[in-house]
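The block underneath contains the structure these notes are about, expressed in structure tokens.
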Amino acid sequence: MQLVSKMFGRTLREAPSDAEMACHVWLARAGLIRRLATGLYAVQPMGHKALKRIEAVIRQEMEAIDGQELSLPLVQPAELWEKSGRYNLIGSELVRFKDRGQHPMVLAMTHEEAVTQVASEELSSHRQLPFMLWQFQLKFRDEPRARGGLIRVREFTMKDAYSFHKDQECLDEYYQRAYDAYVRIFRRCGIEPVIVQSDTGIMGGKVAHEFMLQSPMGEDSLILCPETGYSANAEIAVFAREGIPGEELPMERVATPGKSSIDDVAKLLGVEARNTLKMVMYGAEIGDKTEFVAVAIRGDLDVSETKVKNALKARVVFAATDDMIRAAGLVPGYASPIGMKGGILLVDLSVPVSANLVAGANEAGFHVKNVNYGRDFTVAGPFSEPVDVAQAAEGHLEINGVHRLKAVRGIEIGNIFKLGTKFSEALGCTFQAEDKTTRPAVMGCYGIGVGRLLASVVEDSHDDNGIVWPKEVTPYHVHLVALGQGELLDDCVKLAKELEAAGFEVLLDDRDERPGVKFKDADLWGIPVRLALGGKSREQGAFEWKERKAGSEMRLVKATEIVEQVEAFYKG
RNA sequence: CGGGAUGUAGCUCAACUGGUAGAGUGCCUGCUUUGGGAGCAGGUGGUCGCACGUUCGAAUCGUGUCAUCCCGACCA
């Protein structure tokens, strides 16, 4: 048993001033985490216990889908990352350094390279496939912006799993098993995940899902359609454009002095934002070239940079500078697709279905009315037709044009990804197939940030007084509160030993403190079952049984029946 | 990397117009108290982030720097 009087870590009466999110406040106030530096946290003993419970759940589920646990190094030779092409692809979030022999090294931010390298050394025959390797391992990502306590940190433990298959079909089948295992993991942690399709980027994969905790504090925007079941991260969500039909009118140049924003222009001309055409300009690194890219999109929509990046197969897109814009013959604030010279012009699907838009005139202080796609301009560059580069939002039509989409926020707590053969090809992870050909393994990867999941559990399960642990991940099963010393405390120790003999972990508050202090701390720590022993209950040979969850009533339970009832509670 | 803000006791925060450091809480001691963060008394605890400058004198003004937080950009 853990005696509170001896437990390292104390509770705080007030939240640290840097705590914004509820999970950060309660983890800090309960003494489970302490900040060491930006994005770097110490997890104190009680927090560590909860982490280990979460890991145990994950380990069970990984074993249930035939995963084999291993351990790969955090420090890796840069060479490995050069082989996969990510050494130069990834920016400064990848920490690079040299060891004493001046060899370039990195701190791994994920382990695809290492696991593929290791697999390639063992794999030779299709008979060995499929297999799945996984680990709990540190990752280091020098995030430009850590936030939310454990929600977004720089160093963290991730459960990362990698599966290897002889073909796509086998991967597809396994992917579904991993998907189901993920649902079980989160439910056992008390979270009902929202599952969305997610960006696969240029990593070579085609299908990926993110598991989200729905929360207004989430960093991601999710698009859901309750009627059709469609769900996707907003950055890739598809939707039907509502057109603006009309007979094409002659273009007309109008003065709009000092009005360069969509809202200002629309107001001045007495039209809606949806009747305008806006140009959003980017620089894009494609291959080893930097290209100027202009996106023409209807004024009521926002550009999804993820979609732009994917459409262009670009590594990076960034906001274009005024110089780049002028070099393409465009006037910042009054840019128009008509008269653009050079570069790539992407046109969103919203543009061709909308008649007589107001666009810039490529001349400061002027716009042009009644601009129509096809008649007045078309796409330029590698694309022959308009593409989907708009960000979906609340109220848009789902792709079939029948139902309205909903938007919610979410915290990403896990992802699964059909990687394909990108890494196995790059690192030579091949095998001999039945037909004697040599083929690269088809891979999938599956990640869960353990610390972020811990924080998400708390974010999802707390009240005004502290944490409310779900049964499966609570750091202790029973919190015994001794409201006195001497024989009364002896009785508590006796019960604690009985509970431990039955396999439960017990926290015993043996401090010589007033009851109020103990109850306040009990609420902060949030152990599901609190058993208090005071003078009155002791006379009746009973403990006061109080559950942490909302609305539970206190009741007396005879000391002799406690173990049985705790067993029933945790089985139920 | 842009925009905004903040750095004073372990924690949360005060300190006017420049005059030499405060409260609450925590921690230690004693007495009283003992069912929802007790009361009284005494005590502990700070190079006012750091550097330079202005000044007779700087927590306070200026410059620089570092750190932290928020918004955005970024996020295999």
Side-chain angles (χ1 to χ4, degrees), chain A residues 9-21 24-25 28-29 31 34-40 81 84-87 89-94 106-116 139-149 151-154 156 158 160 162 198-205 208 210 217 219-220 233 235 282-283 305-306 309 315-319 321 412 415-417 419 422-423 443 445-447 449 452 464-466 481-485 488 509 511-524 530 532-538 544 546 554:
Chain A
R10 67 162 134 211
T11 56
L12 303 177
R13 284 189 184 232
E14 286 168 293
S17 57
D18 60 356
E20 195 80 1
M21 293 179 71
H24 189 185
V25 168
R29 282 198 57 191
R34 291 289 183 256
R35 197 184 71 89
L36 220 63
T38 301
L40 299 171
W81 288 67
S84 73
R86 292 208 285 193
Y87 190 74
L89 194 64
I90 297 171
S92 49
E93 58 269 37
L94 177 65
V106 303
L107 293 183
M109 40 194 296
T110 171
H111 282 77
E112 279 86 7
E113 282 83 358
V115 79
T116 308
K139 315 286 176 221
F140 192 91
R141 301 179 185 181
D142 201 354
E143 292 281 351
R145 196 175 159 211
R147 63 180 285 265
I151 289 292
R152 177 169 289 273
V153 292
R154 296 193 293 169
F156 58 98
M158 178 180 257
D160 47 324
Y162 308 90
S198 66
D199 183 34
T200 56
I202 54 169
M203 292 313 299
E210 288 168 339
M217 298 302 289
E219 297 180 282
D220 288 278
N233 195 306
E235 61 185 13
Y282 297 98
E305 287 186 13
T306 302
K309 204 154 94 175
R315 287 184 311 181
V316 184
V317 298
F318 55 92
T321 62
E412 184 186 338
N415 65 27
I416 59 176
F417 195 147
L419 277 177
K422 178 188 164 69
F423 289 93
M443 294 173 59
C445 70
Y446 318 87
R452 182 185 283 186
D464 292 343
N465 297 310
V481 180
L483 297 172
Q485 303 286 308
L488 190 150
D509 197 341
R511 293 175 298 177
D512 185 16
E513 282 286 356
R514 296 167 59 87
V517 174
K518 296 188 173 189
F519 291 141
K520 283 289 185 188
D521 282 345
D523 287 345
L524 275 173
R530 186 188 84 192
L533 186 65
K536 284 175 192 160
S537 48
R538 184 161 180 268
E544 293 164 20
K546 176 91 165 58
M554 193 263 277

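These values consider heavy atoms only, across backbone and side chains, with no hydrogens, waters or symmetry-generated copies. Below, read A as the first sequence line, B as the second, and so on, with proteins coming before strands; counting in each chain starts at 1.
- Comparing Glu412(A) and Gly148(A) against RNA chain B, the residue whose closest nucleotide sits nearer the 5' end is Gly148(A).
- Phosphate contact (OP1/OP2 of C69(B), side-chain N/O of Thr38(A), threshold under 4.0 Å): present.
- Across the strands present, G37(B) finds no partner; the criterion is a Watson-Crick or G-U wobble pair with both atom distances under 3.5 angstrom.
- Remark: the separation of the C1' atoms in U44(B) and U25(B) is 14 Å, to the nearest Å.
- In terms of heavy atoms, Gly39(A) sits closest to Ala146(A) at CA-CB, 3.6 Å.
- Atom CZ in Phe140(A) sits roughly 16 Å away from atom P in A76(B) (whole-Å rounding).
- Whole-Å rounding puts the Arg10(A) CZ to C11(B) C1' distance at 8 Å.
- Between U8(B) and G49(B), the distance separating the two P atoms is 6 Å to the nearest Å.
- With both ends at atom C1', the span from U63(B) to G24(B) equals 36 Å, rounded to whole Å.
- Counting to the nearest Å, the P atom of A76(B) and the NZ atom of Lys422(A) are 12 Å from each other.
- In the interface, the side chain of Arg152(A) is paired with the base of C75(B) through a donor and an acceptor atom under 3.5 Å apart.
- The closest side-chain heavy-atom distance from His24(A) to Arg147(A) is not below 4.5 Å.
- Atom CD in Glu14(A) sits roughly 13 Å away from atom C1' in A14(B) (whole-Å rounding).
- Taking the C1' atoms as reference points, U68(B) lies 15 Å from C50(B), given to the whole Å.
- Contacts of Ala319(A) with the nucleic acid, taken as non-hydrogen atoms under 4.0 Å apart, are absent.
- Counting only distance, with no hydrogens or angles, the side chain of Gln485(A) and the backbone of Arg511(A) share a donor-acceptor pair below 3.5 Å.
- Base engagement by Asn415(A) is indicated by at least one non-hydrogen atom pair under 4.0 Å involving a base atom.
- Closest approach to the Glu143(A) side chain among G26(B), C13(B), C75(B) is made by C75(B) (side chain taken as heavy atoms from C-beta onward).
- Spacing of C1' atoms, A9(B) relative to C28(B), comes out at 15 Å, to the nearest Å.
- Distance CD (Glu93(A)) to P (C74(B)): 12 Å, rounded to an integer number of Å.
- Side chains of Phe519(A) and Asp509(A) form no contact here, defined as non-hydrogen atoms less than 4.5 Å apart.
- Comparing C61(B) with A14(B), their P atoms sit 15 Å apart, to the nearest whole Å.
- Atom pair Asp142(A):CG and C75(B):C1' shows a separation of 12 Å (rounding to whole Å applied).
- Using modelled atom types, one side-chain atom of Arg141(A) and one backbone atom of Met109(A) make a donor-acceptor pair closer than 3.5 Å.
- When the C1' atom is used for both A59(B) and G3(B), the distance is 27 Å, rounded to whole Å.
- Residue-level contact check: Met21(A) touches neither bases nor backbone, having no heavy atom under 4.0 Å from any strand.
- The closest donor-acceptor contact from the side chain of Arg29(A) to the backbone of Thr11(A) lies at 3.5 Å or more, if one exists at all.
- Distance, Tyr87(A) OH to A76(B) P: 19 Å, rounded to whole Å.
- In this structure, Arg452(A) and Arg152(A) have side chains that are in contact, with non-hydrogen atoms separated by less than 4.5 Å.
- The CG-P distance, from Asn233(A) to A76(B), rounds to 11 Å in whole Å.
- Val106(A) has its side chain within reach of Tyr87(A): a pair of non-hydrogen atoms, C-beta onward, lies under 4.5 Å apart.
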Dump the pairs, protein N or O against N or O of nucleotides 32-36 of chain B, anything under 3.5 Å, distances to one decimal.
| residue | atom | partner | partner atom | Å |
| --- | --- | --- | --- | --- |
| U33(B) | O2 | Arg514(A) | NH1 | 2.8 |
| G35(B) | O6 | Glu544(A) | OE2 | 3.1 |
| G35(B) | N1 | Glu544(A) | OE1 | 2.8 |
| G35(B) | N1 | Glu544(A) | OE2 | 2.6 |
| G35(B) | N2 | Glu544(A) | OE1 | 2.3 |
| G36(B) | O6 | Arg530(A) | NH1 | 3.0 |
| G36(B) | O6 | Arg530(A) | NH2 | 3.2 |
| G36(B) | N1 | Asp523(A) | OD2 | 3.2 |
| G36(B) | N2 | Phe519(A) | O | 3.3 |
| G36(B) | N2 | Asp523(A) | OD2 | 2.0 |

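- The partner of A14(B) cannot be assigned: no Watson-Crick or G-U wobble pair with both contacts below 3.5 Å exists in any strand.
- The listed nucleotides are C74(B), C69(B), G26(B); the one nearest the side chain of Glu305(A) is C74(B).
- Across the strands present, U6(B) finds its partner in A67(B); the criterion is a Watson-Crick or G-U wobble pair with both atom distances under 3.5 angstrom.
- Side chain of Met158(A), nearest nucleotide from A76(B), C70(B), A67(B): A76(B).
- Picking from C74(B), A76(B), C13(B) the nucleotide with the shortest atom distance to the side chain of Ser17(A) gives C13(B).
- In terms of phosphate contacts, Arg13(A) brings a side-chain nitrogen or oxygen within less than 4.0 Å of OP1 or OP2 of G26(B).
- Searching all strands for a Watson-Crick or G-U wobble partner of C61(B) with both distances below 3.5 Å returns G53(B).
- Proximity of Tyr282(A) to Lys309(A): side-chain heavy atoms (C-beta onward) are nowhere separated by under 4.5 Å.
- At a cut-off of 3.5 Å, with distance as the only test, no side-chain donor of Asp199(A) or Thr306(A) sits close to an acceptor on the other residue.
- Side-chain atoms of Arg29(A) and base atoms of G37(B) include a donor and an acceptor less than 3.5 Å apart.
- Between U20(B) and A58(B), the distance separating the two P atoms is 12 Å to the nearest Å.
- The partner of G72(B) is C1(B), judged by Watson-Crick or G-U wobble contacts that both fall below 3.5 Å.
- When distances are taken from the side chain of Arg147(A) to each of C75(B), C70(B), A67(B), the shortest belongs to C70(B).
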